[in-house]
Every structure is written in structure tokens, then in C-alpha cells.
Amino acid sequence: MTIQNARRLPSSAEMTERLQSWIERFRVTGASIAWMHGDEVATAAAGAINLNTGVDVTQDTLFQIGSITKIYTTTLIMQLVDEGRIELDAPATNYLPELRFGNGTASRTVTIRQLLTHTSGVDGDFFDDFGRGDDCVEKYVAACGNLPEVFPAGTMWSYCNAGFVVLGRIVELMTGMNWDAALKTRILDPIGASHTVTLPEVALLHRTSVGHGFNLSLQIERSPYWNLARAAGPAGATPCATAADLLTFAKVHIDGGVAVGGARVLSEASVRAMQQSQFDLPRVPGEGAAHWGLGWMLFDWDGRRVIGHDGGTIGQLSSLRILPEERFTVAVLTNTTPTGGLLGSRVMRWLFEETLGIEMPARPKPPESPVEMDVRPYAGVYERLGLRVDIAEKDGQLSAKYTGSGALSDLQIDQPPYDLIPVEHGLFVERNPYTGTYAPVTFSGFENGRPRFIEATRVARRVG
């Protein structure tokens with residue numbers, strides 16, 4: 001395959017120097033990155049794996065990859081599609097008859113495709129702990145009957161972790177192995193990803209990073225816990241990897257389903273299907289995804305289709321971006337939230353520009369001139385599983401107070417309110433008080449001038 005717009009691939013030494021500077025600039029404890037153009041691979045690492053110990057990050061350091069794991073779970077599902085054992089548009093209950101959600105409607109109708117594309121309508125930030133046994137995913141799914149339906153399946157998009165645990169359980173039933181074993185046997189071993197693990201007792205055998213966050217005094221602290229419950233592993237709660245191992249996995253999706261050593265992991269048809277748009281996301285300003293594929297986030301950067309996924313766990317943030325037609329990939333692993341996201345964005349922006357001449361979209365920002373609009377109808381309380389959002393209005397200005405609830409509430413640091421600045425009807429940008437950056441927030445489902453939903457990756461409903 002011809003590399004169309006090649007400029008040059010920055011060296012490891014050059015990127016290490018830049019990474020050290022960016023870690024200080026963005027206040028990140030440690031980071032590891034890897035990038036690949038064709039068959040040429042380079043890596044860089046800087047900072048510490050643990051603020052309290054000062055142990056250096058190296059290129060073989062494992063970081064939690066969070067929801068990037070969803071692409072691995074999707075790959076397992078698509079293997080089963082290749083084998084003729086699963087149909088994407090069949091109800092999930094065909095393969096998991098005991099599956100139940102909330103009022104039962106979604107249980108009967110939600111399809112495999114809708115679970116893969118976050119359009120099931122299920123309120124899915126469910127992270128209860130079901131122990132360390134091999135039956136934890138089975139127990140998790142049995143408890144999904146308590147998860148409410150936010151909207152009818154297929155009508156909206158809302159990020160749903162529970163849907164991927166359900167998919168993980170289907171993998172277990174179809175393969176006769178627990179999800180961790182299926183991942184290792186069917187993907188990690190065939191592609192040679194020896195530094196990708198899912199269990200903490202295995203991660204301890206490697207140099208492994210811990211998470212960090214900011215307190216109300218804007219000082220960095222080590223996170224009080226290392227990992228989430230094992231049951232949510234198929235959604236991204238536990239897996240760890242090196243940045244280089246993410247490139248090893250990415251090559252499967254660049255090279256038509258074939259691993260570096262020649263093993264076929266996935267059919268070419270399934271690789272293509274995963275990268276095709278299944279749902280168009282609301283058009284909002286910024287560098288975020290414009291569409292959703294089967295598992296993959298799809299980005300439109302400078303007229304080119306980039307695929308990828310992000311991951312966030314307790315104090316760790318990760319990003320993977322691929323331009324398949326150029327065989328170009330960048331992986332960024334960091335151990336500080338939320339500033340790791342800023343560092344990841346800076347690394348991506350520089351490498352895509354320097355190597356391919358491709359510019360990422362600009363970050364969202366408020367309008368140059370203030371928008372005059374009545375913001376009072378937006379005020380109110382919105383809730384979803386694990387989160388309450390209080391939108392307050394004072395003197396014509398809105399602010400959003402986010403309060404965690406449920407299984408993750410003890411892991412979250414109390415946050416100050418976020419300012420909401422209007423862009424147009426239904427669209428605002430919120431200012432992160434820790435980073436000073438802006439992110440889009442949309443409101444929808446208007447009735448009598450008032451929105452029923454607030455959307456910022458997940459959909460929350462107005463209550464009261």
C-alpha cells in the first residue's frame with residue numbers, strides 16, 4: 001500500500017523530549033505513546049507511574065486502556081459473526097434468553113448491532129461489583145433487570161457500558177470460556193500482544209501505572225483505588241496494555257484482519273463493517289467523533305476518515321487513533337485526569353500534522369460575541385445512572401453541577417460547577433474549571449419550550 005502524504009516519522013528521541021515538555025505543561029504525572037507509519041514503529045515515555053514513589057514510566061509500562069477495550073470485545077463478537085454463530089440484527093435475547101432490562105421492552109427488541117453502537121436506549125453506567133469469580137459477568141447481566149430504558153432502542157445515541165458487558169456475556173456463552181480467557185485465546189495470543197492483561201494479579205507482574213486526579217485545591221493526588229470491578233471488564237474496567245501493544249492490535253484493523261505474524265483474526269468484511277458509519281452523532285464543534293461504527297468512533301479530520309476510541313478509568317486516560325488508508329496509528333496512555341486528555345490531544349495533533357499534514361479540528365470554544373437567548377427553560381435537574389446534573393440559572397447565566405451516585409460515587413472527587421455558555425438553541429459549551437477548556441453539551445426533546453434531555457456523551461433525563 002502506498003503512503004500517500006508521507007512527510008516524516010518523528011524519532012523516539014524527538015518525541016521523548018516533546019513529551020517531557022508537554023507533561024510539565026499539562027500537569028500530567030506520566031505518559032507513554034507509540035506511533036506507527038506503515039511498518040515503522042516508534043515509542044516514547046516520560047514521567048512517573050506513581051506520584052508517591054516516583055518510579056519512571058518506560059515504554060513497557062502498562063496503563064489501563066479503559067473503553068478502548070470495547071474494540072476488543074467488538075472484535076470477539078465479529079469473530080462470531082464470521083463463524084455464522086451471531087447475526088448483528090438479531091435480538092440479543094436470541095443468544096442470551098435470560099437478558100432483562102428495566103421495563104422489559106428493550107429486553108425483547110434490542111439487537112446486537114444496537115448494543116455495539118450505543119443505541120440500545122439502556123441507561124448503562126452500571127459498575128456494581130459482583131466479585132472476582134469467573135461468574136462475575138454472568139452475575140452482572142442477571143442484575144441488568146434494574147437498568148431503566150432512557151429512550152426507545154434505535155432512536156437516539158447514548159454511551160452504554162452495560163451493553164458491552166452483555167456482549168461479553170454472549171462471548172462467554174458462545175465460546176465456553178470466561179471473557180478474559182476468550183480475549184486471550186482468540187485475540188491476544190494470536191496477535192502476539194504479550195503486554196496486554198485483564199487481571200490485577202497479572203498486571204502486578206509488569207511495571208504498571210496507577211491513576212491520579214486533582215483535588216479542589218487543584219493539586220494532583222494519587223487515586224485511592226487502582227481498578228474497577230472485574231465484571232465490567234468487557235466494557236473496559238480492568239484491561240491494561242502498553243502503547244506498543246495497542247499498535248499491534250491496531251494493525252489487525254489496518255491489514256484486513258491479519259495479525260503481524262500472519263494469523264487471520266477477523267475477516268476483511270468484518271473489518272470493513274466495523275469502520276462504516278452506523279449512527280450519525282449530533283454535529284457539534286470540536287475534535288470529537290462525528291459518527292459511530294461497530295465499536296469504533298469515526299472522526300472527520302481535514303476531509304479524512306479517522307477511526308479510534310478513548311478510554312477513561314480511575315485517574316487514567318487513553319486514546320487510539322488510526323488512519324487506515326495511510327497505515328498510520330497513534331496511541332497515547334496517561335495517568336492523570338482530566339489533563340491527560342489535553343496531553344493526548346496535543347500529541348495526536350502534532351503527530352498527524354507532522355507526519356501526514358492532516359489538521360485536527362479546533363477545540364470547541366464560546367462564540368466571539370455573546371449569544372442573546374433565554375436560558376431559563378434549560379434550568380432543572382437531570383439524572384442518569386450514576387450521575388445527577390443540576391443546571392442552575394442566575395442572572396441569565398447557566399452552570400452545571402455534576403454529582404456522582406451509585407457504585408462510583410466514593411471514587412469521585414467533589415467538583416465545582418461548570419459554566420455553560422450558549423452557542424445556539426439546544427447547544428452550549430461548558431468550561432472545565434480544571435483545564436480551562438470547553439466541551440459541547442446539547443439539549444434535546446423539547447416540549448413546551450423545555451428540553452427533556454441533556455446530552456454530554458450520555459443522555460440524562462429531566463426529572464421533577
Side-chain angles (χ1 to χ4, degrees), residues 102-103 118-119 121-125 147-152 155-160 214 216 218 279-290 337-338 341 361-406 408-409 412-464:
N103 61 17
H118 302 281
T119 57
V122 175
D123 198 350
D125 271 354
L147 302 183
E149 182 184 34
V150 184
F151 52 83
T155 62
M156 295 177 69
W157 181 92
S158 182
Y159 198 81
C160 181
F214 287 81
L216 285 175
L218 299 184
F279 197 89
D280 295 336
L281 301 181
R283 296 299 298 170
V284 296
E287 60 195 43
T337 58
R363 280 186 165 275
K365 61 181 181 180
E368 293 184 4
S369 301
V371 174
E372 298 293 333
M373 58 183 286
D374 184 5
V375 299
R376 290 174 297 177
Y378 297 90
V381 178
Y382 302 78
E383 289 185 348
R384 62 173 174 81
L385 195 65
L387 189 71
R388 173 188 168 109
V389 186
D390 289 272
I391 305 295
E393 183 272 334
K394 183 178 180 181
D395 299 328
Q397 303 293 320
L398 289 185
S399 64
K401 173 67 174 176
Y402 296 96
T403 306
S405 61
L408 298 186
S409 59
Q412 298 172 351
I413 299 172
D414 186 36
Q415 299 181 355
Y418 287 43
D419 294 331
L420 286 178
I421 302 167
V423 176
E424 60 186 48
H425 176 69
L427 175 62
F428 291 69
V429 290
E430 65 177 10
R431 182 181 183 277
N432 188 308
Y434 295 101
T435 64
T437 58
Y438 295 88
V441 175
T442 59
F443 294 82
S444 63
F446 285 82
E447 292 181 349
N448 300 319
R450 299 172 63 194
R452 295 172 55 211
F453 303 107
I454 182 173
E455 304 173 40
T457 308
R458 282 85 161 160
V459 172
R461 290 182 296 188
R462 182 191 289 270
V463 297

Worksheet item: So do the side chains of I454 and V441 get within less than 4.5 Å of each other, counting heavy atoms only?
Response: yes
Discussion item. Would you say that F446 contacts P377 through its side chain, given a criterion of any heavy-atom pair below 4.5 Å between the two side chains?
Written reply: no
Heavy-atom closest contact ([X] atom, [Y] atom, distance):
X: I421; Y: P366; result: CD1-CG, 3.8 Å
X: R376; Y: D374; result: NE-OD1, 3.0 Å
X: P338; Y: T435; result: CG-CG2, 3.7 Å
X: P440; Y: P364; result: CD-CG, 3.8 Å
X: A400; Y: I391; result: CB-CD1, 3.6 Å
X: T457; Y: W157; result: O-CZ3, 3.0 Å

Worksheet item: Would Y378 and F428 count as a close aromatic pair, with their ring centres under 6.0 Å?
Response: yes
Fill in: S158 and R384: CA distance, side-chain angles, deciding distance, side-chain contact (heavy atoms from CB on, under 4.5 Å) verdict
CA-CA 11 Å; S158 182; R384 62 173 174 81; 6.0 Å; no
Let me confirm one number: the [atom1]-[atom2] distance from [X] to [Y], rounded to the nearest 0.5 Å.
X: Y402; Y: R388; atom1: OH; atom2: CZ; value: 13.5 Å
X: E383; Y: D390; atom1: CD; atom2: CG; value: 8.5 Å
X: T437; Y: E430; atom1: OG1; atom2: CD; value: 9.5 Å
X: T442; Y: F453; atom1: OG1; atom2: CZ; value: 11.5 Å
X: D123; Y: E149; atom1: CG; atom2: CD; value: 10.5 Å

Practice prompt. Not counting sequence neighbours, which residues clear salt bridge (Lys or Arg N to Asp or Glu O under 4.0 Å) with R431? List them please.
Written response: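 Residues passing salt bridge (Lys or Arg N to Asp or Glu O under 4.0 Å) with R431: none at all.
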Discussion item. Going by salt bridge (Lys or Arg N to Asp or Glu O under 4.0 Å), name the residues that satisfy it together with R461, two or more places apart in sequence or in a different chain.
Written reply: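 Here no residue qualifies.
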Item to complete: Ignoring hydrogens and angles, tell me if any N or O in the side chain of R462 forms a donor-acceptor pair with the backbone of A379 under 3.5 Å.
Response: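 Checking the backbone N and O of A379 against the side chain of R462, a donor-acceptor pair under 3.5 Å is found.
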Practice prompt. Sort and list the pairs that fulfil salt bridge (Lys or Arg N to Asp or Glu O under 4.0 Å) and have at least one residue in residues 433-450, not counting sequence neighbours.
Written response: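 Non-adjacent pairs meeting salt bridge (Lys or Arg N to Asp or Glu O under 4.0 Å): E447-R452.
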